[in-house]
S.K.: 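Can you read through this structure? Questions will come right after.
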Amino acid sequence: MRIYNTMTRKKEEFVPVEPGKAKIYACGPTVYNFFHIGNARPFIIFDTLRRYLEYSGLNVTFVQNFTDVDDKMIARAKEENTTLKELGERFIKEYYTDAKGLGIKPADFQPKATEHIKDIVALIKTLEEKGHAYEAGGDVYYDVSSFPGYGKLSGQSLEDLQAGARIDVTDVKRNPEDFALWKASKQDEVGWDSPWGKGRPGWHIECSAMSMKYLGDTIDIHGGGQDLIFPHHENEIAQSEGATQKPFAKYWMHNGYININNEKMSKSKGNFFTVRDIAQKYDLSVIRLFMLSAHYRNPVNFSEELIMQAASAMARIKNFRDNLKFIIDSGGSNEVDISKDICALEDGFKKAMDDDLNTAEAIGVIFEYIKDVNLAFENGADKKNAQDALIALDKILDVLGITFLQDVIPDEIKELAKKRADARANKDFAAADALRDEISALGYDIKDTPEGVKINKR
RNA sequence: GGCGCCAUAGCCAAGUGGUAAGGCCAAGGUCUGCAAAAUCUUUAUGCCCCGGUUCAAAUCCGGGUGGCGCCUCCA
């Protein structure tokens with residue numbers, strides 16, 4: 001598999017640090033609110049990456065953290081007159097609800113920052129000992145000038161960064177680009193005891209500490225949104241490599257943004273849709289298909305029109321599966337050979353995914369498969385054909401994390417369908433049409449076939 | 001100012017040197033007692049513009065135009 005590495009700005013062959021294994025760390029949510037679909041993109045992308053590497057036979061360890069202490073968390077808890085802990089627990093629970101709807105499997109480890117204070121403090125102490133960190137008034141800062149590689153991920157020199165910096169230079173920092181590893185708590189703020197007094201970790205240090213704790217000093221893939229390249233990931237490199245003198249991550253993967261009217265969706269701009277809101281109106285598997293319909297590094301616009309397009313595309317896949325299930329249930333007799341089509345599906349899928357996780361092309365391969373199998377089944381198919389076709393498709397859909405709920409046809413609908421069949425048998429078409437309209441009004445489509453009556457949920 | 005991304009049909013979107021995947025919409029056909037649904041077929045001599053390299057360019061190089069992002073919390 002080839003992966004685009006932000007560090008080298010090239011597609012590179014993926015060679016794991018340890019043969020047969022893949023260690024992945026993806027930056028997770030700050031749990032002070034419901035997450036929006038811009039946040040959802042990396043969750044879906046890296047879940048798909050993880051599934052594909054597992055499908056490829058690698059033993060994957062996947063870590064995604066929860067940031068449950070930072071300025072926003074503290075401000076929000078204060079606003080809502082609650083504790084940091086309660087706020088975090090509440091939105092972690094909500095995260096799992098939305099993630100499940102989007103087909104995101106829980107990571108192997110989902111560590112919380114607040115449960116790793118000891119690891120974080122130990123890492124800061126190491127950095128202090130090695131001359132990368134200094135204390136200033138209860139805060140501890142990372143001295144970027146002590147790390148020669150600073151800027152290598154974002155492609156910026158320290159001078160360039162300083163020239164464009166919009167940060168106020170404070171007296172306590174040695175360089176304007178120095179960032180906080182540890183922040184002293186204000187009077188009534190939450191905090192943990194440390195060698196520098198009561199305080200809390202800075203944002204960047206938690207990812208370094210938890211990545212190294214669960215995955216070791218050097219991992220294979222570190223991922224997140226493009227907006228994390230600088231400063232977050234740049235700082236992680238400085239922290240981890242400053243402490244270990246070993247490479248922190250072999251491959252850096254960054255997804256593009258979700259835009260609204262070509263502008264980045266972000267909480268500060270207020271132009272966002274939460275996954276929770278969208279779930280009111282659409283099946284979240286549609287959002288997943290929508291996300292995977294474009295290459296992960298490209299920006300994608302979001303609008304209701306585009307979601308409706310994705311919903312129609314989703315319906316096409318669903319119809320195909322329903323047709324296969326109908327053949328399996330009713331048992332056809334016309335044997336055809338679809339082994340070529342199954343091979344084309346599997347080969348095409350692998351080829352697409354091996355090329356820097358090209359899910360857009362992979363989805364194209366699925367639709368070509370649907371068309372080819374439909375053509376092959378034009379004059380009917382037998383039960384085994386349909387089973388083979390369904391198993392092959394579902395295997396691929398599972399790697400993409402696109403799942404379908406089993407439609408249960410209610411007895412009420414079955415009853416109406418039976419009455420209609422009786423009316424048709426008696427050539428009472430007026431009654432049959434009335435029953436058909438009734439079924440249709442309840443959201444079901446009905447079709448007469450030689451094998452029997454087929455009922456589909458719309 | 002520094003670093004970077006994007007531009008392909010009415011709407012989305014693959015395609016990084018060999019003659020434009022796929023989806024949505026639309027039109028036409030098939031099936032059906034009629035309809036709906038389903039399904040099939042059709043739909044870019046051309047990929048923002050101008051030069052260049054090449055037997056060959058959406059793709060590589062140079063120069064424009066338009067849009068966006070990071071350098072401050074952000075996925």
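Computed from heavy atoms alone, side chains included, the values below leave out hydrogens, waters and symmetry copies. For clarity, every value in this text was computed on a predicted model and none was experimentally measured. Sequence lines set the chain letters: A, B, ... in the order given, protein chains first and strands last, and positions in each chain run from 1.
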S.K.: Identify, between A:Cys27 and A:Ser440, the residue whose nearest nucleotide on RNA chain B lies closer to the 5' end.
M.R.: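 Final value for this comparison: A:Ser440.
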
S.K.: If the P atom of B:rC70 is compared with that of B:rA38, how far apart are they to the nearest Å?
M.R.: 41 Å

S.K.: Side chain of A:Ala313: nearest nucleotide among B:rC71, B:rG23, B:rC73?
M.R.: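 Of B:rC71, B:rG23, B:rC73, B:rG23 is nearest to the side chain of A:Ala313.
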
S.K.: Can you find a donor-acceptor pair, distance only, under 3.5 Å between A:Gln309 side chain and B:rG23 base?
M.R.: yes

S.K.: Using the ring of each side chain (for Trp, its six-membered ring), is A:Phe248 parallel, tilted or perpendicular to A:Trp252, with breaks at 30° and 60°?
M.R.: tilted

S.K.: Using the C1' atom on both, measure B:rG18 against B:rA75 and round to a whole Å.
M.R.: 39 Å

S.K.: Looking at B:rA35, I'd like to know if its phosphate oxygens (OP1 or OP2) sit under 4.0 Å from a side-chain N or O belonging to A:Arg420.
M.R.: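 Answer no for this pair, as no side-chain N or O of A:Arg420 is under 4.0 Å from OP1 or OP2.
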
S.K.: Quick one, A:Ile396 and A:Tyr55 - any side-chain contact, counting heavy atoms below 4.5 Å?
M.R.: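 Counting from C-beta outward, A:Ile396 and A:Tyr55 do come under 4.5 Å.
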
S.K.: Ignoring hydrogens and angles, answer whether the base of B:rG67 and the side-chain atoms of A:Asn261 contain a donor-acceptor pair closer than 3.5 Å.
M.R.: no

S.K.: Just N and O in the side chain of A:Lys371: are any of them under 4.0 Å from OP1 or OP2 of B:rA21?
M.R.: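 Looking at the OP1 and OP2 atoms of B:rA21, neither is under 4.0 Å from any side-chain N or O of A:Lys371.
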
S.K.: Regarding A:Asn319, tell me which of base, sugar-phosphate or nothing describes its non-hydrogen contacts under 4.0 Å with the strands shown.
M.R.: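 Answer is sugar-phosphate: A:Asn319 comes under 4.0 Å of backbone atoms only.
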
S.K.: Under 4.0 Å, counting only non-hydrogen atoms across every strand here, what does A:Ile446 touch: a base, just sugar-phosphate, or nothing?
M.R.: base

S.K.: So what does A:Ile229 touch, heavy atoms closer than 4.0 Å: a base, only the sugar-phosphate, or nothing?
M.R.: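 Nothing: the residue A:Ile229, judged by heavy atoms under 4.0 Å, touches no strand.
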
S.K.: Heavy atoms within less than 4.0 Å of RNA chain B: which residues of residues 288-303 of chain A have one? Give them sorted by number.
M.R.: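 Residues of residues 288-303 of chain A under 4.0 Å from RNA chain B: A:Ser293, A:Ala294, A:His295, A:Asn298.
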
S.K.: Side chain of A:Glu368 only, please: which of B:rG22, B:rA75, B:rG33 is the nearest?
M.R.: B:rG22

S.K.: Checking all strands, does A:Tyr257 fall into the base, sugar-phosphate, or nothing category for heavy-atom contacts under 4.0 angstrom?
M.R.: base

S.K.: I'd like to know if A:Arg424 reaches the base of B:rG33 with its side chain such that a donor and an acceptor end up less than 3.5 angstrom apart.
M.R.: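 For A:Arg424, whose side chain was compared with the base of B:rG33, there is a donor-acceptor pair (under 3.5 Å).
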
S.K.: Compare side-chain N and O positions of A:Lys264 against OP1 and OP2 of B:rG67 and report whether any pair is under 4.0 Å apart.
M.R.: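 Answer is no, no contact under 4.0 Å.
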
S.K.: Evaluate the criterion side-chain contact (heavy atoms from CB on, under 4.5 Å) for residue pair A:Lys72 and A:Lys267; output intermediate values, then yes/no.
M.R.: CA-CA 12 Å; A:Lys72 293 188 300 285; A:Lys267 284 179 179 163; over 6 Å; no

S.K.: Among residues 342-354 of chain A, which ones have heavy-atom contacts with RNA chain B below 4.0 Å?
M.R.: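 Residues of residues 342-354 of chain A under 4.0 Å from RNA chain B: none.
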
S.K.: Starting at the 5' end of RNA chain B, which residue's closest nucleotide do you reach first, A:Ala310 or A:Asp372?
M.R.: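 Here A:Ala310 is the residue nearer the 5' end.
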
S.K.: Answer yes or no: is there a donor N or O on one side and an acceptor on the other, between the side chain of A:Gln64 and the main chain of A:Ala26, under 3.5 Å?
M.R.: no

S.K.: Between A:His254 and A:His233, how do the two ring planes meet: parallel, tilted or perpendicular, split at 30° and 60°?
M.R.: tilted

S.K.: Using a cut-off of 4.0 Å on non-hydrogen atoms, how would the nucleic acid contact of A:Ile258 be classed: base, sugar-phosphate, or nothing?
M.R.: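 Base, at least one base atom sits under 4.0 Å.
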
S.K.: Any base atoms under 4.0 Å from A:Asn323, or only sugar-phosphate, or nothing? Heavy atoms, all strands.
M.R.: sugar-phosphate

S.K.: Assign the ring pair A:His232 / A:His204 to parallel, tilted or perpendicular, where the plane angle (0 to 90°) is split at 30° and 60°.
M.R.: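 Rings of A:His232 and A:His204: tilted, as their planes differ by 30° to 60°.
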
S.K.: Under 4.0 Å between a side-chain N/O of A:Lys447 and OP1 or OP2 of B:rA35, yes or no?
M.R.: no

S.K.: B:rA35, OP1 or OP2 - any side-chain N/O from A:Arg436 closer than 4.0 Å?
M.R.: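 Negative; the distance criterion is not met.
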
